[in-house]
Trainee: 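Shown below is the structure under consideration.
All residue numbers refer to positions in the sequence shown, counting from 1. Bear in mind the structure is a predicted one, so any value in this text is a computation, not a measurement.
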Amino acid sequence: MNRRVRRKVARKSKGNVVQSSSPEVQEEVLHLEPQGVVDWNCLPDDTVIQLLSCLSYRDRASLSSTCKTWRSLGSSPCLWTSLDLRSHRFDADMASSLAPRCVHLQKLRFRGEESANAIIHLRAKNLRELSGDYCRKISDATLSVIVARHESLESLQLGPDFCERISSDAIKAIAHCCPNLNKLRLSGIRDVNADAINALAKYCPKLTDIGFIDCLNVDEVALGNVLSVRFLSVAGTSSMKWGVVSHLWHKLPYLIGLDVSRTDIGPSAVFRLLSLTQNLRVLIALNCPILEEDTSFSASKYKNKLLVSLRTDIFKGLASLFFDNTKRGKNVFLDWRTSKNNDKDLNEIIPWLEWMLSHTLLRSAESPQQGLDNFWVEQGGALLLSLMQSSQEDVQERAATGLATFVVIDDENASIDCGRAEAVMRDGGIRLLLGLAKSWREGLQSEAAKAIANLSVNANVAKAVAEEGGIQILAGLARSMNKLVAEEAAGGLWNLSVGEEHKGAIAEAGGIQALVDLIFKWSSSGDGVLERAAGALANLAADDKCSTEVALAGGVHALVMLARKCKFEGVQEQAARALANLAAHGDSNSNNAAVGQEAGALEALVQLTRSPHEGVRQEAAGALWNLSFDDRNREAIAASGGVQALVALAQACANASPGLQERAAGALWGLSVSEANSVAIGREGGVAPLIALARSEAEDVHETAAGALWNLAFNASNALRIVEEGGVSALVDLCSSSVSKMARFMAALALAYMFDGRMDEYALVGTPSESTSKSVSLDGARRMALKHIEAFVLMFSDPQAFAAAAASSAPAALTQVTEGARIPEAGHLRCSGAEIGRFIAMLRNSSSILKACAAFALLQFTIPGGRHAMHHANLMQNLGAPRVLRGAAAAATAPLEAKIFARIVLRNLEHHQIEHTV
């Protein structure tokens, strides 16, 4: 039914009306309600139908259900001439429910075997065009039944993936059942024999467009019998006998377009085809290695014939073919569509050329080869951008997919070719892709969003996407009811959220809530959308403000649900990473507690440390590390089996990545803050693996292991285990040679704990002979430890500064010593009252080295500006530290370092006391 489209418009302001290009609209404006409010019930039928035609099927059905009138209009035959069911679950039941509306259906796109089997239930006898992808499992029987039920078919396309179960028998069935067929494009057929091709020649007299693409074997002699063919593609087809082809196909009387891309055709066959085929206008030979190796071959002498190859200037050739003008630039396809050229052949050539180029470029991008870099940067990317402006939706989709694919170097590591990505940006590709992403067609939305996501790995492109409004568009697409669209949009937000400058914009666009909603919406199906949503939330949660918003949006519950129930390792890894970031950022105390208090969160993370996948184990251990900073979480993790799980993880990660080793040691460090947990870690065998990690060359690993061993050494039984497991030498090495000041500091403190006398009492328990043996071995270890503790402290002792401080009571002298001794990272360490008390007691130790070490440690813990300096100062005041410090500062036998450090600590305590009273 042909209808005249009319639009209603709203008032711009009182007395003013927005003018429409249709005169009849002005009459309709007069019937609008005051204040510009439209009475939707009074919209003309034509307007409603036009509105419905611009919606996705899901939205169309939803809008049609609002009232009886609109329900009737929603069933109008003109709305059901074309269906794209690729994004929907299409089975026999759905087909039967759609059948009453599909009497006039002419064009259908489907995806997969189940959808193919359901097509016959539509009872769409007037079907003219059928296109399917994901056709690997479609059989001869299924295809034969489809064509038998749809004898009016004029176009059949299956691909681009291989149709592995379709044979020549099905092609013969097509020939017998579809006499009106004019277009047949099939991909990945194993064998297209002479009987099948001759049947097409005999029974399909209108067949003008044939594509046997990526096939293993095609009978080239029989193809020479299809005299009606005007366009022929054997792109990617192997085993072609090009000598036979060049002697036969040039006789095809109507052949004007031939595609031999991605084959082993040589220059002699190309020469014969171009020179002898009378009506041939276009020969596509992209990515043909043998042809490209012959640098002397040129097609410029063939007037009015275009050769498209890697060695030719494609845009110049297209311009000369279409306009007899080589200065058209890179918008030649768009220029053609807007021109008034009436060349009938070219009007047929251009859609075919666009389709074949988009297919070959996508295939070439999917199978990257050496030597194509210049082509992609100089011509390939621009060709894809030009094809994105095609009037053919499937060409637009493939071009967008090609852009998403050709920039990728390494899928696993999200690595892209920056030169290609920035070439797309320079040629206006970002704006084009965002335009496609705003289309109502969901296929275009998903492919455009995928391309934007991949390109946004490049920081410059990500900036351009944000500046062009891409974040708002992606946030909107993330709310789509179509899983594929939502998945690609979430992937785009994931990549954009890597940049700190984009996180706030994503939150402002509603992206955080959209991502959280995605997890709940698709929680039971699809690992892709869940992994991308969780990955984006993980990046966003690393920002303090966004982290709080993630928690407020229900992100904690959503992410814990994934950690507990999802079985896909990618999802588990990103969910654990997101929980780790939530626990460490935003209102960290609040977020940390919220994650720990979410039902099943800690148990799930403990369980994930046992995953067979290293990435999952690493992120789960990292989350437990961050969560262990909260006292309640720390004990709850231990109660959930966290000690045993993390010790097992540390024991098993000797050959793991530094990231996993660091987090395993870090989680044990966090748990060991509690003495009960510290004892449990030692009892479960945690000392030996931590010593092994302390020997790591990776700074982050041995620094974290040193922190855990420091905590463990507070307990005498653990201290003895460290000695027995050879830990003294590992700590001595760290103390003397690590590039990390923090690692050296914590190693020195661990050694000080071990040899301040408490371990000796524990070690002497046993038989006299055992006690004597232990005493002898401990003496040697003690001497070595004290030697290196002393050397460590002296590293921070500038003789001139100390002499000046000893001779003067001026604050400036002490300040100079403080600045030279300060370890900035030590300000993040938080000690308990028992630990501070131990260092105070160490000031009275008979060893002058331990006195100096204790004073040095207390200096670090009380330096003004330190995160926990006030906490430590209060503990020291409560424990009577000032008196002990004054004694140490005045002791005649104490080393100079201990005296000066003690004076500085006293000054720090005075500072904090004044600050507290202000």
Trainee: Once the angle between the rings of Phe745 and Trp710 is folded into 0 to 90°, is it parallel (under 30°), tilted (30 to 60°) or perpendicular (over 60°)?
Mentor: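 If you compare the ring of Phe745 with that of Trp710, the planes turn out tilted.
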Trainee: Under 3.5 Å, is there a donor-acceptor pair between the side chain of Arg577 and the main chain of Gly535?
Mentor: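 Between the backbone of Gly535 and the side chain of Arg577 there is a qualifying donor-acceptor contact (under 3.5 Å).
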Trainee: His911 and Leu906: side chain to side chain contact (heavy atoms under 4.5 Å, CB included), yes or no, with the steps?
Mentor: CA-CA 9 Å; His911 170 87; Leu906 281 168; over 6 Å; no
Trainee: Quick one: pull up CD in Glu569 and CD in Gln574 and give me the separation to the nearest 0.5 Å.
Mentor: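 Taking CD in Glu569 and CD in Gln574, the distance rounds to 11.5 Å.
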Trainee: Drop me the distance from Gln913's CD to Met870's CE, to the nearest 0.5 angstrom.
Mentor: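 Interatomic distance, Gln913 CD to Met870 CE, rounded to 0.5 Å: 10.0 Å.
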Trainee: Would you say that Leu605 contacts Thr609 through its side chain, given a criterion of any heavy-atom pair below 4.5 Å between the two side chains?
Mentor: no
Trainee: Do Ser678 and Glu675 have side-chain N/O donor and acceptor atoms under 3.5 Å apart?
Mentor: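 No pair is found: no donor N or O on one side chain lies under 3.5 Å from an acceptor on the other.
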Trainee: Identify whether the distance between the nearest side-chain nitrogen and carboxylate oxygen of Arg632 and Glu635 falls below 4.0 Å.
Mentor: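 Here Arg632 does not pair with Glu635 in a salt bridge, since their nearest N and O are not under 4.0 Å apart.
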Trainee: Give me the atom names and distance for the closest heavy-atom approach of Ala855 to Ala902.
Mentor: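 Heavy-atom minimum between the residues: CB-N, 4.1 Å.
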Trainee: Aromatic rings Phe861 and His872: how do their planes relate, parallel, tilted or perpendicular, breaks at 30° and 60°?
Mentor: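 Taking His872 first and then Phe861, their aromatic rings sit tilted (interplane angle of 30° to 60°).
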Trainee: In the structure I gave you, are the side-chain heavy atoms of Phe856 and Ile823 within less than 4.5 Å of one another anywhere?
Mentor: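 Yes, their side chains come closer than 4.5 Å.
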Trainee: Which distance, rounded to the nearest 0.5 Å, do you find between the CG of Leu608 and the CD of Gln618?
Mentor: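 Reported value, rounded in 0.5 Å steps: 13.0 Å.
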Trainee: So which heavy atom on Ala583 is nearest to which on Leu627, and how close?
Mentor: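 Shortest heavy-atom separation between Ala583 and Leu627 comes out as CB-CD2, 3.7 Å.
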Trainee: Using the rule given for ring-ring contact (aromatic ring centres under 6.0 Å, His included), can you reason through Phe901 versus Phe802, listing the C-alpha separation, both sets of side-chain angles and the distance that settles it, and then say yes or no?
Mentor: CA-CA 10 Å; Phe901 290 149; Phe802 271 73; 5.5 Å; yes
Trainee: Are the side chain of Gln860 and the backbone of Ala821 linked by a donor-acceptor contact shorter than 3.5 Å?
Mentor: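 Yes; judged by distance alone, with no hydrogens or angles, the pair exists.
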Trainee: Report yes or no: does Ser640 contribute a side-chain atom to a donor-acceptor pair with the main-chain N or O of Gly642 at less than 3.5 Å?
Mentor: no
Trainee: Dump the intermediate steps for salt bridge (Lys or Arg N to Asp or Glu O under 4.0 Å) on Glu790 and Lys787, then the final yes or no.
Mentor: CA-CA 5 Å; Glu790 181 180 28; Lys787 175 183 175 183; over 6 Å; no
Trainee: Just how far is it from atom CE of Met754 to atom CG of Leu786, taken to the nearest 0.5 Å?
Mentor: 11.0 Å
Trainee: Any side-chain heavy atom of Leu751 within less than 4.5 Å of one from Val728?
Mentor: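 Yes, side chains in contact.
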Trainee: Does the ring of Phe629 carry Arg634 above it, NZ/CZ under 6.0 angstrom from centre and within 45° of its axis?
Mentor: no
Trainee: Decide yes or no on side chain to side chain contact (heavy atoms under 4.5 Å, CB included) for Arg695 and His702, but give the supporting numbers first.
Mentor: CA-CA 6 Å; Arg695 298 184 188 278; His702 66 235; over 6 Å; no
Trainee: What distance do Leu646 atom CG and Arg617 atom CZ have between them, rounded to the nearest 0.5 Å?
Mentor: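 Atom-to-atom, Leu646:CG and Arg617:CZ are 12.5 Å apart.
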Trainee: Which residue is it: Leu814, Ile863, Leu858, Thr862? I am looking for the one with a side chain to side chain contact (heavy atoms under 4.5 Å, CB included) to Ile904.
Mentor: Leu814
Trainee: Taking Arg663 for the side chain and Gly659 for the main chain, is one N or O donor matched with an acceptor at less than 3.5 Å?
Mentor: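 Flag set: sc Arg663 to bb Gly659 pair under 3.5 Å.
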Trainee: Does His502 reach the main-chain N or O of Leu496 with its side chain, forming a donor-acceptor pair under 3.5 Å?
Mentor: no
Trainee: Ala888 and Ala894: which non-hydrogen atoms are nearest, and at how many Å?
Mentor: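 Result for this residue pair: O-CB, 3.9 Å.
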Trainee: Do Leu559 and Glu598 pass the side chain to side chain contact (heavy atoms under 4.5 Å, CB included) test, and can you show the C-alpha distance, the side-chain angles, and the key distance before you say yes or no?
Mentor: CA-CA 10 Å; Leu559 293 162; Glu598 184 69 32; over 6 Å; no
Trainee: Could you walk me through whether Leu515 and Leu540 pass the side chain to side chain contact (heavy atoms under 4.5 Å, CB included) test, one step at a time?
Mentor: CA-CA 11 Å; Leu515 291 164; Leu540 291 164; 3.9 Å; yes
Trainee: So which heavy atom on Ala694 is nearest to which on Leu734, and how close?
Mentor: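 Heavy-atom minimum between the residues: O-CD2, 3.5 Å.
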Trainee: Examine distances only and state if a side-chain atom of Asp544 and a backbone atom of His585 form a donor-acceptor pair shorter than 3.5 Å.
Mentor: no
Trainee: Are Phe839 and Tyr753 close enough that their ring centers fall under 6.0 Å?
Mentor: yes
Trainee: Taking the side chain as C-beta and beyond, is there a heavy-atom pair between Asn718 and Arg721 under 4.5 Å?
Mentor: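 With C-beta onward as the side chain, the pair touches.
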Trainee: Atom CG in Asp700, atom CD in Glu662: separation rounded to 0.5 Å?
Mentor: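 Asp700 atom CG to Glu662 atom CD measures 4.5 Å (nearest 0.5 Å).
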Trainee: Does the side chain of Trp669 reach to within under 4.5 Å of the side chain of Met746, using non-hydrogen atoms?
Mentor: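 They are in contact (side-chain heavy atoms under 4.5 Å apart), so the answer is yes.
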Trainee: How close do Gly666 and Trp625 get, heavy atom to heavy atom, and via which atoms?
Mentor: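 Looking at all heavy atoms of both residues, the closest pair is O-CD1, 3.0 Å.
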Trainee: Less than 4.5 Å apart, side chain to side chain, heavy atoms only: is that true for Leu859 and Arg822?
Mentor: no
Trainee: Would the distance check show the side chain of Ser797 and the main-chain N or O of Val793 forming a donor-acceptor pair, the cut-off being under 3.5 Å?
Mentor: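 At least one qualifying donor-acceptor pair exists.
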Trainee: Is there a donor-acceptor contact under 3.5 Å from the side chain of Asn677 to the main chain of Ser672?
Mentor: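 Flag not set: sc Asn677 to bb Ser672 has no pair under 3.5 Å.
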Trainee: How close do Ala621 and Ala664 get, heavy atom to heavy atom, and via which atoms?
Mentor: CB-N, 4.1 Å
Trainee: Hey, mind stepping through Asn715 and Ser717 against side-chain hydrogen bond (donor to acceptor under 3.5 Å, both in side chains) and telling me if it holds?
Mentor: CA-CA 6 Å; Asn715 176 268; Ser717 63; 2.3 Å; yes
Trainee: Side chains of Arg744 and Ser736, heavy atoms from C-beta outward: is any pair under 4.5 Å?
Mentor: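 Contact flag for Arg744/Ser736 side chains = no.
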Trainee: Any luck finding a side-chain donor-acceptor pair between Asn591 and Ser547 under 3.5 Å?
Mentor: yes
Trainee: So do Val606 and Gln644 actually touch side chain to side chain, heavy atoms under 4.5 Å?
Mentor: no
Trainee: Please evaluate residues Glu699 and Ser738 with respect to the criterion side-chain hydrogen bond (donor to acceptor under 3.5 Å, both in side chains), reporting the C-alpha separation (whole Å), side-chain torsions for both, the decisive distance (0.1 Å), and the verdict.
Mentor: CA-CA 7 Å; Glu699 179 181 337; Ser738 173; over 6 Å; no
Trainee: Please check if the side chain of Asn626 supplies one atom and the backbone of Ala580 the other of a donor-acceptor pair under 3.5 Å.
Mentor: yes
Trainee: With a 3.5 Å distance limit and no angle check, can you tell me whether Lys899 reaches the backbone of Ala890 through a side-chain donor-acceptor pair?
Mentor: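 It does not hold such a pair.
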Trainee: Quick one: do Ser832 and Arg838 satisfy side-chain hydrogen bond (donor to acceptor under 3.5 Å, both in side chains)? Show the steps, please.
Mentor: CA-CA 10 Å; Ser832 66; Arg838 188 147 178 185; over 6 Å; no
